[in-house]
Amino acid sequence: MKILVLGSGAREHALVRALAEESANHEIHAAPGNPGIAERAALHAVKADDPVAVVALVQELGPDLVVIGPEAPLVAGVADAVREAGVPVFGPSAEAAQLEGSKAFAKEVMAAAGVPTAMAHVCTNIDQVADALDAFGAPYVVKDDGLAAGKGVVVTEDRDAALAHARTALAARGTEGKVVIEEYLDGPEVSLFCISDGIDVVPLAAAQDFKRAYDDDKGPNTGGMGAYSPLPWAPADLTEEVLERVARPTITAMAQRGTPFAGVLYVGLALTSRGLRVVEFNARFGDPETQVVLARLLTPLSALLMASATSSLAELPRLQWRDESAVTVVVAAHGYPAQVRSGDEIDGVDAAASVPGVHVLHAGTARDDAGQLVTSGGRVLSVVGVGRDLTQARVAAYEGVARIEIEGSHHRSDIALRAALG
Ligand code: AMP
Ligand code: GLY
């Protein structure tokens, strides 16, 4: 199969790696890709979120399948453009991607579908924000309505900080600004990726992400500092409950609105003392959860993505999983998630990848003029360890991380620790 993958992060490296490992016969292309992806795919210097440029590339390459990694191309209508060009594409339409692109839209769909989620007020001015904050009380949850790369959310005990974030978010979009104020959800978070073709739904293995920058969930929110799968502590019927109460009703509601959702519905959940609640929907695979979920998937990924793209999920055989655990640790650049420093030398990637059970996925990496690998983004590498249980997978992942050398870099040392200890 000839496959074009759009995007340039560790999630896309994980997708490309899974496709490359399942068959030596695939011809894999990526745009724009990164230096790690370049070892497995032909790279094209095309902006993933430019529908015209992507369609031109698709017409030049003639792929059997286009796989869209990040949210920006989805919201920009790249899936629509590729579909119109007659090529199967994995990823929802721009309209359906509003499930991620607008938190207010997602809340509306959840209400229509009867999906359990946090109570919320959509506010368009600061007086409404103040009232909503006082109605829910602390801790305060303030969300920018639009796409913010996982950084638009502030959870704080400090009312002034909550108001300040709301003010900035409102101002950033002129008169169009909206913020969502939510009730605080306690309890552990789970990410469940549900693949849909617009009608049917196939869940992948559940994973957990670590959003805060530092150990013990301290520090600011990030795009995600690590992840693991499976979740030995989770209720046995969790996936079934999410399918019945969240994924299927949402996919049905989207079809009924005339905006069927085909692609991956990323269900971000909190398992609260009052039952499960949706924290967020995304219209794409999660990063870094994808790195651990795909490390465990035995079924060929191309078959799954193609079935979503061609409305044939009902015919797909039951998914097969490796009876192993996976842990990924993100190595972040100096300053992440605030002021990120670029251009630091990256050494030790091959040494890390030589640890048994370890592979290294690239995110914010680039080659300088001399061909040296250097940092070029906040989350630099995703080191993945696979082992017979979470303890073994952690040992592998952290042994890999220990071999990576990047001046000023940081990583969390407690990814999957509590789950491994049981
Ligand atoms: P979101 O972009 O909506 O996923 O929010 C990012 C992160 O903020 C989530 O993964 C949670 O850790 C936290 N968060 C979001 N909404 C809530 C909420 N209602 N209660 C508690 N924490 C939340
Ligand atoms: N890991 C969180 C996200 O992908 O949004």
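One-based numbering, in listed order, for ligands and for the atoms of each.
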Ligand-residue contact atoms, ligand 1 with Tyr184, heavy atoms, under 4.0 Å: 20 (N), 21 (C)
By number and element, which atoms of ligand 2 are closer than 4.0 Å to a non-hydrogen atom of Gly223? 1 (N), 2 (C)
Pro288 near ligand 2, heavy-atom distance under 4.0 Å? yes
Distance under 6.0 Å and angle within 45° of the ring axis: does Arg394 meet both against Tyr228? no
State whether the shortest distance between N or O atoms of Arg284 and N or O atoms of ligand 2 falls below 3.5 angstrom. yes
With atoms numbered from 1 as shown, which atoms in ligand 2 lie under 4.0 angstrom from a non-hydrogen atom of Asn282? 5 (O)
Could you tell me, atom by atom, which parts of ligand 1 come under 4.0 Å of a heavy atom of Val153? 1 (P), 2 (O), 3 (O), 5 (O), 6 (C), 8 (O), 15 (C)
Taking atom types as modelled, find out whether Ser409 and Asp344 have a side-chain donor-acceptor pair closer than 3.5 angstrom. no
Numbering as shown, the atoms of ligand 2 that approach Gly286 to under 4.0 Å (heavy-atom distance): 4 (O)
Pairwise distance CG(Asp209) to CD(Glu189) - rounded to 0.5 angstrom: 8.0 Å
Which ligand 2 atoms are under 4.0 Å away from a heavy-atom of Lys211? 2 (C)
Test of proximity, Leu185 against ligand 1: N or O pairs below 3.5 Å: yes
With a 3.5 Å cut-off and no angle check, do the side chains of Ser8 and Asn34 form a donor-acceptor pair? no
Any atom of ligand 1 sitting under 4.0 Å from a heavy atom of Lys103? yes
Have Thr117 and Lys107 got a donor and an acceptor in their side chains that come within less than 3.5 Å? yes
Please say which of Ile68, Val293, Ile195 ends up in a side chain to side chain contact (heavy atoms under 4.5 Å, CB included) with Phe285. Ile195
Below 4.0 Å, non-hydrogen atoms only: which portion of Asp209 touches ligand 1? Side chain, backbone, both or neither. neither
So, Phe136 versus His121, ring centres under 6.0 angstrom or not? yes
Return the orientation label for the Tyr214 and His410 ring planes: parallel under 30°, perpendicular over 60°, tilted otherwise. tilted
Pairing donors with acceptors under 3.5 angstrom, does anything connect the side chains of Thr328 and Ser382? yes
Proximal atoms of ligand 1 relative to Glu189 (non-hydrogen, under 4.0 Å): 9 (C), 10 (O), 11 (C), 12 (O)
Worked verdict on Arg257 versus Val109 for side chain to side chain contact (heavy atoms under 4.5 Å, CB included): CA-CA 9 Å; Arg257 297 175 73 101; Val109 173; 3.8 Å; yes
Geometric N/O contact Phe285 with ligand 2, under 3.5 angstrom: no
Go through ligand 1 atom by atom and flag the ones less than 4.0 Å from a non-hydrogen atom of Val141. 16 (N), 17 (C), 18 (C), 19 (N), 20 (N)
Does any N/O atom on Glu289 come nearer than 3.5 Å to any N/O atom on ligand 2? yes
A student comparing Glu100, Glu280, Lys143 should find that the heavy atom closest to atom 16 (N) of ligand 1 comes from Lys143
Measuring from the heavy atoms of Arg212, does anything fall under 4.0 Å of ligand 1? no
Would you mind telling me which of Val327, Val329, Leu361 makes a side chain to side chain contact (heavy atoms under 4.5 Å, CB included) with Val384? Leu361
